[in-house]
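Note that the numbering runs from 1 along the sequence shown for the chain. Note that the structure is a prediction, hence the values are computed from the model and not measured.
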Amino acid sequence: MTFIQQQRDTRRGHRALVAGSVGNLIEWYEFGVYGYFATIIAARFFTPEGGSEAEALVKTYASFALAFFFRPVGAALFGRLGDRVGRRPVLVLVITLMTVATALIGVLPTYAQAGALAPWLLTFLRALQGLSAGGEFGGAVSVMTEFAPPGRRGLYGSWQSFTVALGLLAGAGAAALLATVLTEEQLGAWGWRLPFLLTLPLGLGALWLRLRLDETPVFVAERTEETPPPREVVRAVALGAGRIMGWAAAGYTFLVVLPSYLQSSLGATFQQALVATVPANLGFAATIVPAGLLSDRLGRRAVMVTGAVLVVVLAVPLLNLLQDAGVSNTVKGVAVCGAGAVVGLMAGPGPAMLSEMFPTRVRYTGLGLAYALSNAVFSGCAGLIITETIERTGSVDIPAYYAAAACAVSVPALLTRPSARRAGVPKAGVERAG
């Protein structure tokens with residue numbers, strides 16, 4: 001290969017990283033914003049006269065969970081299309097759908113303005129977001145890992161998770177800024193709309209980048225390869241979902257659900273709760289790319305198992321520390337930063353690990369479904385399960401038990417080594433996954 005060709009391939013790979021990851025950033029920015037503003041959205045859309053705040057928050061998280069359950073539908077629909085016609089056109093379609101649905105949330109009428117129609121409109125837009133998000137992950141990770149140089153799939157794939165962290169940080173930053181510069185009345189009346197409307201210019205920028213994206217050489221070269229039997233694909237999807245359930249549950253518990261938990265269970269103010277999420281997301285962002293790079297050398301399995309085991313061991317002590325009024329805010333900040341960093345150990349190698357479990361012909365669909373199913377159950381339902389269980393039991397340790405239990409189940413799934421024939425993985429993929 002000539003030097004000029006190497007430079008051209010490098011530029012194409014970098015362009016693929018940017019175009020693939022920007023959609024994830026927007027997607028998780030919006031999902032983060034929705035989680036951070038959950039108490040305000042509950043009051044504006046799910047609280048008719050005489051309704052309780054706790055009931056409204058549960059309904060808000062139910063709408064949150066519904067969007068996640070549309071993700072597998074989107075993963076199957078857009079994934080199948082992406083495995084047939086190509087990654088690029090489908091990624092253009094899903095970013096357009098996500099941008100429009102998110103911007104429309106910013107102009108929706110509230111319950112006071114539209115009555116019972118308001119929560120239904122919100123839920124409909126959340127469903128559209130779920131569909132588009134389901135098609136986003138599989139395509140973005142396929143593009144990143146298929147453009148990756150040999151021995152760098154972990155590093156390239158980790159950028160998907162890294163932009164998730166950037167999206168959550170951007171959402172937390174936007175929410176914290178608005179909570180600082182606006183009064184509570186202004187924030188509740190119209191300020192909460194601004195982060196959703198901001199998605200429109202962000203989405204247009206992402207669309208422009210994806211229109212300039214090349215189709216992956218791997219897809220072009222192998223689009224006529226034999227499709228593996230459906231039973232083998234289903235087994236790989238189930239195993240993949242089990243491998244990342246700890247990442248899904250712990251990630252949403254520590255990075256998204258935490259603000260509402262601090263407000264509803266520990267009496268923190270909205271601003272205090274948002275500030276607490278910043279070090280958690282910073283810790284998460286700081287370890288993702290190094291973890292992906294490390295997995296290229298040590299294997300995906302070793303790095304991800306380490307993260308899962310640390311969550312099992314540390315989740316309850318961490319939550320007890322946050323509950324202790326005698327512990328300084330600095331110590332609590334360091335603790336939640338460490339919690340985010342541990343989740344990053346799973347999130348960094350995760351995309352490449354999933355990509356390596358599926359051959360090109362079904363990669364978009366397979367890895368997208370595994371990710372969407374796991375997130376639908378263990379991320380999308382995290383707020384609903386945690387809030388409802390605390391309400392029923394009165395135990396404020398529920399978030400820790402939830403994250404630890406999911407990670408404990410992930411460990412044996414990560415230690416399971418599927419054969420290359422069953423999972424449809426190239427030999428190099430099996431070696432790195434191990």
Expected output: side-chain [X] to main-chain [Y] donor-acceptor under 3.5 Å:
X: Thr96; Y: Val92; result: yes
X: Ser374; Y: Ala370; result: no
X: Arg300; Y: Ser295; result: yes
X: Arg88; Y: Asp214; result: no

*Test Thr306 against Leu310 for side chain to side chain contact (heavy atoms under 4.5 Å, CB included), laying out the working first.*
CA-CA 6 Å; Thr306 299; Leu310 286 174; 4.1 Å; yes

*Please list, chain by chain and in numerical order, all residues satisfying salt bridge (Lys or Arg N to Asp or Glu O under 4.0 Å) with Glu146, sequence neighbours excluded.*
Arg87, Arg363

Side chain to side chain donor-acceptor pair (under 3.5 Å) with [X]: which residues, sequence neighbours excluded?
X: Glu27; result: Arg71
X: Arg392; result: Glu388
X: Thr287; result: none
X: Thr365; result: Asp83

*asked:* I'd like to know whether CZ of Arg80 has more than 12 heavy-atom contacts from other residues, nucleotides or ligands below 6.0 angstrom.
replied: no

Determine all donor-acceptor pairs shorter than 3.5 Å in which one atom belongs to a side chain in residues 341-350; sequence neighbours excluded.
none

Exercise answer: donor-acceptor pairs, residues 98-106 side-chain atoms, under 3.5 Å, sequence neighbours excluded:
| unit_1 | atom_1 | unit_2 | atom_2 | d |
| --- | --- | --- | --- | --- |
| Thr99 | OG1 | Ile95 | O | 2.8 |
| Thr102 | OG1 | Met98 | O | 2.9 |
| Thr102 | OG1 | Gln129 | NE2 | 2.8 |

Closest approach of [X] to [Y] (non-hydrogen atoms, all atoms of both residues):
X: Pro72; Y: Leu369; answer: O-CD2, 3.4 Å
X: Gly242; Y: Ser410; answer: O-OG, 3.0 Å
X: Arg152; Y: Ala148; answer: O-CB, 3.9 Å
X: Ala408; Y: Val312; answer: N-CG2, 3.6 Å
X: Ala315; Y: Ala404; answer: CB-CB, 4.2 Å
X: Thr145; Y: Ser355; answer: OG1-OG, 2.8 Å

*asked:* Suppose we screen for ring-ring contact (aromatic ring centres under 6.0 Å, His included). Which residues come up paired with Tyr371, at least two apart in sequence or across chains?
replied: Phe137, Trp247

_ring-ring contact (aromatic ring centres under 6.0 Å, His included) partners for Phe162, two or more places apart_ = Trp159

Could you check whether any side-chain heavy atom of [X] comes within less than 4.5 Å of a side-chain heavy atom of [Y], counting everything from C-beta outward?
X: Pro217; Y: Phe147; result: yes
X: Val141; Y: Leu354; result: no
X: Met353; Y: Arg301; result: no
X: Pro228; Y: Pro359; result: yes
X: Leu125; Y: Leu128; result: yes
X: Val143; Y: Tyr364; result: no
X: Leu319; Y: Pro399; result: yes
X: Val237; Y: Phe358; result: yes

Distance (rounded to the nearest 0.5 Å) between [X] [atom1] and [Y] [atom2]:
X: Leu187; Y: Trp192; atom1: CG; atom2: CH2; result: 10.5 Å
X: Cys407; Y: Leu414; atom1: SG; atom2: CG; result: 9.5 Å
X: Ser142; Y: Leu367; atom1: OG; atom2: CG; result: 4.5 Å
X: Leu131; Y: Leu97; atom1: CG; atom2: CG; result: 7.0 Å
X: Leu91; Y: Leu207; atom1: CG; atom2: CG; result: 11.0 Å
X: Ile26; Y: Ser132; atom1: CD1; atom2: OG; result: 10.5 Å

*Decide yes or no on side chain to side chain contact (heavy atoms under 4.5 Å, CB included) for Leu93 and Phe78, but give the supporting numbers first.*
CA-CA 9 Å; Leu93 178 60; Phe78 293 117; 3.5 Å; yes

_Test side chain to side chain contact (heavy atoms under 4.5 Å, CB included) applied to Tyr29 and Thr163, step by step_ = CA-CA 9 Å; Tyr29 161 81; Thr163 50; over 6 Å; no

Identify every side-chain donor-acceptor pair in residues 18-25 under 3.5 Å, counting partners at least two apart or on other chains, and give the distances.
| unit_1 | atom_1 | unit_2 | atom_2 | d |
| --- | --- | --- | --- | --- |
| Ser21 | OG | Leu17 | O | 2.6 |
| Ser21 | OG | Val18 | O | 3.4 |
| Asn24 | OD1 | Gln160 | NE2 | 3.2 |
| Asn24 | ND2 | Gly20 | O | 3.2 |

*Sort and list the pairs that fulfil ring pair (Phe, Tyr, Trp, His ring centres under 6.0 Å) and have at least one residue in residues 195-244, not counting sequence neighbours.*
none

_Pairing residues for Ala335 by the side chain to side chain contact (heavy atoms under 4.5 Å, CB included) criterion, not counting sequence neighbours_ = Leu318, Leu321

_Any salt bridge linking Arg243 with Glu356? Criterion: basic side-chain nitrogen under 4.0 Å from a carboxylate oxygen._
no

*asked:* What verdict does the salt bridge (charged side-chain N to carboxylate O under 4.0 Å, His left out) test give for Glu215 and Arg210, after you've listed the backbone C-alpha separation in whole Å, the side-chain angles of each residue and the deciding distance to 0.1 Å?
replied: CA-CA 10 Å; Glu215 189 55 77; Arg210 288 190 169 178; over 6 Å; no

*Evaluate the side chain to side chain contact (heavy atoms under 4.5 Å, CB included) criterion for residues Asn281 and Leu166: first the C-alpha distance (whole Å), next the side-chain angles of each, then the deciding distance (0.1 Å), finally the verdict.*
CA-CA 8 Å; Asn281 280 283; Leu166 293 183; over 6 Å; no

